[in-house]
Amino acid sequence: MILYFIQWDLPDQKANLTIYANKAKNDWLPATLAHPGVQEIRNYRNPMEVTPQVGISIEFESLEAWRDYLESQDYVRIMRELRILGCRNFAAHLWAPSKYFPEVLKPGNK
């Protein structure tokens, strides 16, 4: 499992924010979920209302699936469209399971 986190700030213009919300719901998220190797997407907002305003985690089944997604036309298009709409201050992080604690830890598990 590979976790890809990407964060950004939303467009300033209200019209672009409306387009953004529509594209996210009806295009970007479905296209990403349909990519081979994508297992889950989680969307986050910053409750402190400071930068970054948006965070998304995408879980991939493997590092190869993540690489394939980053090289895909969908990813290139989505990132281009985000910038065109006025999203800015992008940051990305990639995480793989720990070598020392690869299992999921939850309360009550010992």
Side-chain angles (χ1 to χ4, degrees):
M1 173 207 41
I2 298 294
L3 286 176
Y4 179 53
F5 290 93
I6 186 163
Q7 308 167 134
W8 61 83
D9 290 328
L10 295 168
D12 291 332
Q13 296 179 344
K14 186 174 181 173
N16 284 0
L17 192 54
T18 301
I19 295 167
Y20 167 95
N22 183 52
K23 292 286 288 181
K25 180 179 180 180
N26 297 306
D27 179 7
W28 302 332
L29 292 171
T32 300
L33 280 169
H35 193 83
V38 171
Q39 297 181 320
E40 175 181 275
I41 298 176
R42 290 184 183 229
N43 298 279
Y44 304 93
R45 67 172 183 86
N46 188 332
M48 296 183 292
E49 297 185 9
V50 296
T51 189
Q53 296 169 324
V54 172
I56 291 187
S57 67
I58 307 171
E59 183 178 318
F60 293 88
E61 65 184 25
S62 67
L63 190 57
E64 292 74 26
W66 169 78
R67 283 188 190 129
D68 186 62
Y69 176 68
L70 255 60
E71 294 172 354
S72 73
Q73 290 301 312
D74 279 331
Y75 180 78
V76 171
R77 176 182 61 81
I78 291 166
M79 296 306 294
R80 183 180 70 244
E81 290 174 358
L82 286 167
R83 288 189 297 274
I84 288 169
L85 286 173
C87 296
R88 61 194 187 292
N89 298 327
F90 289 88
H93 305 275
L94 189 66
W95 294 90
S98 168
K99 291 180 181 179
Y100 302 105
F101 301 99
E103 68 280 351
V104 175
L105 303 174
K106 295 184 181 186
N109 289 354
K110 295 184 181 190

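Remember, predicted model here, so these are calculated numbers, not experimental data.
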Could you give me the CA-CA distance, side-chain angles and deciding distance for Met79 and Leu82, then say whether side chain to side chain contact (heavy atoms under 4.5 Å, CB included) is met?
CA-CA 5 Å; Met79 296 306 294; Leu82 286 167; 4.0 Å; yes
Any heavy-atom pair between the side chains of [Y] and [X] that's under 4.5 Å?
| X | Y | answer |
| --- | --- | --- |
| Arg42 | Glu59 | no |
| Asn89 | Gln53 | no |
| Thr32 | Ile56 | no |

With a 4.0 Å cut-off, would you call Glu81 and Arg77 a salt bridge?
yes
So, Arg88 side chain and Leu10 main chain: donor-acceptor pair closer than 3.5 Å or not?
yes
Same hydrophobic cluster for [X] and [Y], using side-chain heavy-atom links shorter than 4.5 Å among ILVMFWY?
| X | Y | result |
| --- | --- | --- |
| Leu3 | Leu63 | no |
| Met1 | Leu94 | no |
| Phe60 | Leu33 | yes |
| Leu29 | Val38 | yes |

Geometric class of the Phe90/Trp8 ring pair [parallel <30°, tilted 30-60°, perpendicular >60°]
tilted
Give, for atom CD1 of Ile41 and atom NE2 of His35, the distance between the pair rounded to the nearest 0.5 Å.
11.0 Å
Taking atom CD as the centre, does Glu40 end up with more than 12 heavy-atom neighbours from other residues, nucleotides or ligands that are less than 6.0 angstrom away?
yes
For Gln73, does the CD atom have more than 12 heavy-atom neighbours from other residues, nucleotides or ligands under 6.0 Å away?
no
Distance flag, aromatic centroids of Tyr75 and Trp66, threshold under 6.0 Å
no
Output, in order, the C-alpha distance, side-chain angles, deciding distance and verdict of side chain to side chain contact (heavy atoms under 4.5 Å, CB included) for Ile2 and Tyr69.
CA-CA 12 Å; Ile2 298 294; Tyr69 176 68; over 6 Å; no
